[in-house]
Asks: 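I have a structure here, written as structure tokens, and I will follow up with some questions on it.
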Amino acid sequence: LAGCCYGRTTESWFGIAFQHSNFAPNNVKLIPTQLISAVGMFLIAAVLFVFDRKNTKKGRVGALYLILYSIGRFFVEFLRNDYRGTVGPLSTSQFISIFILLIGIGLFVLLGMQPVEETKMESEKKKEENEYKLHELNTNYIAFNNKNLCTIEEKKKKKKNKSKEK
């Protein structure tokens with residue numbers, strides 16, 4: 001924690017005080033927005049891992065990240081006290097978060113309309129089934145050819161026998 005992106009002052013038990021910061025006020029208890037953001041990112045990662053296991057459409061995990069991050073960032077900005085610029089009543093980061101949220105929702109919906117892609121497990125299962133079918137076809141082909149070869153050999157023998165008899 002370098003002291004940048006610092007939070008508002010607090011008397012709460014979870015406040016932190018910087019001792020040698022060039023950014024945040026020193027020796028004043030502040031809301032640890034950096035730690036809150038880090039915890040939020042771990043939670044987002046957990047949600048994305050769970051979603052990824054159930055999701056079958058490419059790009060939706062990334063879209064969900066945009067949605068979750070922009071929401072988290074929008075609310076953490078209320079806890080911050082460093083100057084970041086403003087757009088009306090919102091901080092610049094909150095203003096940008098609104099657009100990122102809209103882009104994320106749009107992508108999530110748009111990608112959700114795409115046809116379902118096979119999961120890796122389904123793809124492997126189909127590959128195994130196709131290999132089995134190919135093996136069966138090869139076995140049947142070989143058996144068919146062997147039977148025909150036997151028939152051809154038998155015909156040749158019969159011809160020879162008939163020739164010998166004459």
Asks: Find the distance between CG (Leu48) and CG (Asn55) and round it off to the nearest 0.5 Å.
Replies: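 Between Leu48 CG and Asn55 CG, I get 10.5 Å after rounding to 0.5 Å.
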Asks: Closest heavy-atom contact between Arg60 and Phe108?
Replies: NH2-CE2, 2.7 Å
Asks: Enumerate the residue pairs fulfilling salt bridge (Lys or Arg N to Asp or Glu O under 4.0 Å) with a member in residues 66-78, sequence neighbours excluded, ordered by first and then second residue.
Replies: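 Checked against salt bridge (Lys or Arg N to Asp or Glu O under 4.0 Å) - neighbours excluded - the pairs reaching residues 66-78 are Arg73-Glu77, Glu77-Arg80, Glu77-Arg84.
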Asks: Rounded to the nearest 0.5 Å, what separation is found between the NZ atom of Lys29 and the OG1 atom of Thr9?
Replies: 11.0 Å
Asks: List the atom of Asn26, the atom of His20, and the distance in Å for their closest heavy-atom pair.
Replies: OD1-N, 3.3 Å
Asks: So how far is it from Asp82 CG to Thr33 OG1, rounded to the nearest 0.5 Å?
Replies: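 The OG1 atom of Thr33 is 7.0 Å from CG of Asp82, to the nearest 0.5 Å.
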Asks: With ILVMFWY side chains joined below 4.5 Å, transitively, what does Ile31's cluster contain besides itself?
Replies: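 Grouped by the 4.5 Å side-chain rule, Trp13, Phe14, Ile36, Val76, Leu79 form the rest of the cluster around Ile31.
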Asks: Considering all heavy atoms of both residues, which atom of Leu30 and which atom of Thr10 are nearest to each other, and what is their separation?
Replies: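 Looking at all heavy atoms of both residues, the closest pair is C-CG2, 3.7 Å.
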Asks: Hey, can you tell me if Phe75 and Phe78 have their rings parallel, tilted or perpendicular (30° and 60° cut-offs)?
Replies: tilted
Asks: Let me check something: do Leu110 and Leu101 share a hydrophobic cluster, defined by ILVMFWY side-chain heavy atoms less than 4.5 Å apart, either directly or through other members?
Replies: yes
Asks: With hydrophobic residues grouped by side-chain heavy-atom distances under 4.5 Å, do Leu102 and Phe95 end up in a single group?
Replies: no
Asks: Can you tell me how far SG of Cys5 sits from CZ of Phe23, rounded to the nearest 0.5 angstrom?
Replies: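 Separation between the atoms: 9.0 Å.
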Asks: Does Val109 belong to the same Ile/Leu/Val/Met/Phe/Trp/Tyr cluster as Leu64, with side-chain heavy atoms less than 4.5 Å apart forming each link?
Replies: yes
Asks: Testing the basics here: between Thr86 and Thr92, what is the closest heavy-atom pair and its distance to 0.1 Å?
Replies: N-OG1, 3.7 Å
Asks: Looking only at heavy atoms, what is the nearest atom pair of Phe74 and Gln94, with distance?
Replies: O-NE2, 3.1 Å
Asks: If I compare all heavy atoms of Leu66 with all of Gly104, which pair ends up nearest, and what's the gap?
Replies: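 Minimum heavy-atom contact is CB-CA, 3.9 Å.
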Asks: What distance do Ile98 atom CD1 and Ile100 atom CD1 have between them, rounded to the nearest 0.5 Å?
Replies: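 Ile98 atom CD1 to Ile100 atom CD1 measures 11.0 Å (nearest 0.5 Å).
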Asks: Can Val39 be reached from Ile71 by stepping across I, L, V, M, F, W or Y side chains whose heavy atoms are under 4.5 Å apart?
Replies: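 Ile71 and Val39: separate clusters.
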